[in-house]
Structures are given as structure tokens and as C-alpha cells.
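Everything numeric here is computed off the predicted structure, so don't read it as measured data. In what follows, chains carry the letters A, B, and so on, assigned in the order in which the sequence lines appear, proteins first and then strands, with residues in each chain numbered from 1.
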Amino acid sequence: MSAPLTASAGTAAIAPGARPATGFWRRALRHRSFVLGAVLSLLVLGAALLSLVWTPWSAYDIDVASKLHAPSAAHWLGTDVLGRDIVSLLLVGARSTIMVGVIAVGIGLTFGVGLGLIAAARKGWTEELIMRMSDFTFAFPAVLSAIMLAAVAGPGMVTSITAIGIFQIPTFVRVTRGSANAIWAREFVLAARAAGKGSFRITIEHVLPNILSILVVQATIQFALAILAEAALSYLGLGTQPPQPSWGRMLNDAQTLLFQSPMLAVYPGVAIAIAVLGLNLLGDGLRDLLDPRLARER
Amino acid sequence: MADTGAPLIEVKNLGVRLNTSRGPAQAVRGVSFALRRGETLGLVGESGCGKSVTALALIGLLPDSAVISGSIRLEGAELVGLPDAAYCKLRGNRISMIFQEPMTALNPMHTIGHQVAEPLRRHTGVSATEARQEAIALLDRVGLPDAAKRVDAYPHQFSGGQRQRITIAMALACQPDVLIADEPTTALDVTIQGQILDLIADLVAERGMSMILISHDLGVIAENVERMMVMYGGTVVESGTTDAVFTRMGHPYTQGLFRARPRLGARKGTRLTTIAGTVPELADLPAGCTFADRCAIVEGRCRAALPAVVDVGAAHGVRCIRTDVSMAVGGVGA
Ligand SMILES: Nc1ncnc2c1ncn2[C@@H]1O[C@H](COP(=O)(O)OP(=O)(O)O)[C@@H](O)[C@H]1O
Ligand code: SF4
Ligand SMILES: [Mg+2]
């Protein structure tokens, strides 16, 4: 996962050289929620990567003859109503989940951080406009914007990713603008301005590096929210479309058979829980580990 | 005093209105002075009297909400109302500033070499290698030990005094004409204060810069500048050559400040004779003379209007209507 890597780069920038970097990892490995979060997140990432090269069965082959099999040596977690192998579906579903998360958070980060930085650098009516716009966007939950987008563009993965991504923007705008404003108020920014730096340079050289760790933590948490939103959208039939497997889709399929085969709902439910819990723990851990007050003591 | 040419920087009737938590308030009023190339000017007064606001107005770094009136001319060119992009070209290049807190005036994320070389690269367009060489030379000049070796170190690896040397190098990188030093030694250990002030004085003389030195400490002003202005409540209450002011203090506030100054040998933290009362908040400034609420010889007419400047000697002005009393032999309560 890229988050911990970025995080260590951030710490290295605060205090360069090998010692602080190993210090980060030493502290990280002692941090329980960080370790647990990292393990769970890596599990999901591992599943997604594995699905690219290997799945026990094809996740797309329908074999109605062998539907709803109980777990066996051939199908470790059994098969679903269309006879697809559950393990294979879960592995490929992890891929959809991560892809949606990465792209949606990418959209949120790019636009949200950009707008937040502009708001903090410009102040005045620019800031006012950006904040009001983001409040407005924030008022529409991802599901609602996905429904509206689906009405225009038709349901599907692209629609749901776009909707979730747009939904992420306001949060990143707020976090970025808030922490950037705090940096703008610091004396070294005043000193940099006194040395003749313009607001663009100050944003790139002073503001962004100093809020990077906050953004990394926020991105981790937003990733978890994106996964939940994707599952909800797929469950509602607005997200990933069949035959592309997705955890939300699996939940949807399992719904009609809830009394007959309850485990069909449990497997994707647990998968979603692992991913969301893992990312949240990872975010909490990063928040502690990247706290500059703690990170700077050696 | 250096050459007799036109003033390098000329400030006329400068006023600054700020938005405070209690509504807009006049933080600076009627500040006027002219500074020729090579001259040094001190700005002294208790904390909160408007020294930093005046300095920030000069360098164009007040918040956007501040309303600036009057005129600031740099070699004849008006700076009040100058767009920020144009001001940017002056800052660091023609006007530079050193701040009080060397601990926070450097970006923790960048090497000191980068921070010193940066203004050079932008304002003079030299190559990265040249800028780096120049940064090392500057750091060496400001007395940073082992400059060549430590140029790639980060701010947290230096002591307070060393960091202030680094910020001085940063401020001087582009050979500015005017240096504003806002309490450059207040946050430093007493033993280092003198060294830093000497360094600044040497650099100012060596490069023929004009300097505005800000301090709350009369002693610092007495030793480091040719001319001085005493500020109280956003106004200049007394100004003149340092010699003239120290020989014959005209304003009751200057006299009070002088009596209240910490003396050699006095333990740190002991409160000495102080001026009665406290520095008023901007919104609470009295009408008329800003010092009226704390003045021992206040009269009814002091509160009528801001007193005009009275010339009490050659190039020595006092903003008080009772200089006849305050400057009578011995002064007030001396
Ligand atoms: N950005 C600001 N907004 C509102 N009030 C300010 C601002 N900066 C300074 N002030 C107020 O202006 C007055 C003068 O402040 P300042 O110039 O910093 O004093 P000092 O002489 O100690 O440097 C103080 O009362 C201070 O509270
Ligand atoms: S004008 Fe009046 S109140 Fe102000 S300093 Fe002079 S005597 Fe005191
Ligand atoms: Mg100040």
C-alpha cells in the first residue's frame, strides 16, 4: 500500500538521514493499531494482487449445476447461486474495491487539496466561494449523487467512482484549507514572504510539505469511506455491474437467499469489514506516528 | 549620517487600521520619518505599541484586511497600495526583515542552505550551484561555524543563536537596501544578544544598508542606532537623534521607560520601577494623547486632541503639550 511509504517519506523530510527513518519504523512496529491496520490492509491488497495472476476458479464462469455448494476441498467457501466460486469472487472483488478506492480518493485528493490550497493562499472571496461550493457538494451524499449521475450516464463503475470521488472533494478541501491556514499563520511563512516569495512558491515549498502527513492520514480514512460507499452503491445496483464481481454486488445477490444460505452475505460482509477496519486502524496509527511533536523527538 | 542625497525611504503620516476581535481599531497613527542610505533608526516602546505593525506595513505584509493610509516611498516610488506581485519583487531584494523568533522563522522541512539560497535564485537568477556557494559564503559571514559542512543541515539541528544567524543570512542574501530587524535578539539568551547585535551592526555598515531596529529595550537602541523613535499606543511620542533623546528626554513616557529599564546586575524577573498602569488595548486607547491614562502630569486639555509634535531641539520632536513641565530641570519625578 502506498500510504505507509508516503508517510515514511514525509518523516524523512522532517528529519533526514537514516536514523529518523528507522526511528519511524521502530515506533511503527510497536504501534498496535498501526500494525493491525497495516496487516489487514495488506491482506486486502494481497488478495487483489493475487487475483490478477491466480484465482482457484474463474470468477466469471457460471455453472448453475454446482450452485450453492457448501464449502469443500474444491470450493473452500462454497459457491454462489450461479455456481461461481466464492473465494474467487472475493479475490476479484478486492480488486474492484481497491480500484474504486484509489481512483475515487485520487479524484478527491487532486481537486480537494488543490482547491483547499488555493482557498488558504488567496483568502477573501476566493476562499469564500470555494468553501461555499464545497459545503454545497457535501450536502449531497455519495449515494444521492451516484443516483443522479446514474440517471444521466447510466449506472456502472465509472459512474460510481466519479460520484464517490466528487463526494470526497469537500472533505479534502476542508482538511487542506484548515491545516494550510495554520501553516500560513506560522512565522516561517512570514519570513519566507519577507524574503520575497509569492503565494504559489510558499504553497509548494512551505505549506504542502508541512501538511502532507495530515493529508496521508485523511486519505487513508477517506479510502475506507470510499470502500463503504462503493459497496453501498453496488448493493443498490448502481455500482459495479455484473458480471464484474464486487463485494457490494455479492451482498446484493445474497440478499434473496438470506435464510437459505446466510453465509453468502457473511463472506463479503466480513471482507468489507476487514478492509474498512484495517484502513481506519492504519489511519489512526499514522495519525499518531506522523504527529510532528512525536516524530521529531529522536 | 551618510550622504546627503534624497531619502531612501520616506514615510509620511502612516496610519494602519486593523480588524481586532473588538472591531476595527487604529493600530498606528501619524508615523513619519525619512531614512537615507546608510542611516540607522531605532523604534522603541513597550510590547503592543505598534512597532511590528509599523514594520509589517513597510514591507507590505499586513493582513489584507488592514487599511493603510499615508505614504511610504522607496526612492520616490509609492509603496502604499502597491499590488502584492510588485511588492514581492521588493521584499528580500530591496527591503528585508529579520524576525523575533529564530525558532519558528525557519521552515523545519528545508535545509538551511536551501532557505538562504532560495531568495538569491529568485531575485538574481543565478544558477543553483552559484546560489549554494553564495549561501555558504553568507552563512560563513554571519558566523555560522563550519558553514560549508552544515549547509545541508535542517533548522532543528541548530541552537537559537545559530538560527538567528541563519535568518540574518537569509534576509541579507540579495543585498537589500533596507533591513528591518524586529526584536532580533528578544528571544535569545542574554549572552548571545550582544553578539547578534554586533553582527547586524557590522553587516549594516559593511553593506551600506539602512536599518530600522525594533526593540522594547532602550539599552539596545542606545547602543545600535543613530536616530530613534519612541512609540506608544500606535503613535510616535518622541523622536530625534539617539544622543539628543538620551540627553534630554522630553516625553513623560520616554522618561518612564528610561526609569523602568532593567539595570545591569538586576536579577532577571525582578520587576523594577514601572510606569503605572498597563499598555491599553487598541480599542481602549484614550482620545487625545494616547498616554493620558498613565501620565503623571496629565491635564484636561491633553485629552482634547492628539498633541502635535513640538520641536524641543534640533531634529528632536516630542508629542506632548506639557514639555515645559516634563522637561523642566530634572524632568517628572526624576
Ligand atoms: N493582525 C492583527 N490583527 C489585529 N490586531 C493586531 C494584529 N497585529 C497586531 N495587532 C494589534 O496591534 C497592536 C500593536 O501590535 P504590534 O505592532 O505587534 O506591537 P509590538 O510593538 O509589540 O510589535 C497590538 O494591540 C496588537 O494586539
Ligand atoms: S500630552 Fe498630556 S497626557 Fe500626554 S504625555 Fe503630555 S502631559 Fe502627558
Ligand atoms: Mg512586535
Heavy-atom nearest pair, B:P119 first then A:A195, reads CB-O, 3.9 Å

Applying a strict 4.5 Å limit to non-hydrogen atoms, the region of B:L56 in contact with chain A is side chain

Under 6.0 Å from the CZ atom of B:R141, do we count more than 12 heavy atoms belonging to anything else shown?
yes

Among residues 173-185 of chain A, residues within the sub-4.5 Å heavy-atom range of chain B, in order of number, are none

Should we count CZ of A:R132 as having more than 12 external heavy atoms under 6.0 Å? yes

Quiz item: So, does B:R91 use its side chain to make a donor-acceptor pair with the main chain of A:R193 at under 3.5 Å?
Solution: yes

In this structure, CG of A:N210 is separated from CG of B:N107 (nearest 0.5 Å) by 5.0 Å

Pair count under 4.5 Å, heavy atoms only, with chain A: among B:G92, B:P155, B:S96, B:G60, highest is B:G92

Applying a strict 4.5 Å limit to non-hydrogen atoms, the region of B:L106 in contact with chain A is backbone

message: Is it the case that atom OH in B:Y87 sees more than 12 heavy atoms from other parts of the structure closer than 6.0 Å?
response: yes

Value for CE (B:M109) from CD (A:E205), rounded to nearest 0.5 Å, stands at 12.0 Å

In terms of heavy-atom pairs under 4.5 Å with chain B, the winner among A:S199, A:A191, A:A192, A:P209 is A:A191

One should read off an interatomic distance between B:C88 SG and A:I202 CD1, to the nearest 0.5 angstrom, of 7.0 Å

### Message
Looking at A:E187 and B:E101, would you say the former's side chain and the latter's main chain have a donor-acceptor pair under 3.5 Å?
### Response
yes

Looking only at A:K123, A:R201, A:K197, most heavy-atom pairs under 4.5 Å shared with chain B are made by A:K197

Using side-chain heavy atoms (C-beta onward) and a distance below 4.5 Å, is B:T104 in contact with A:F188? no

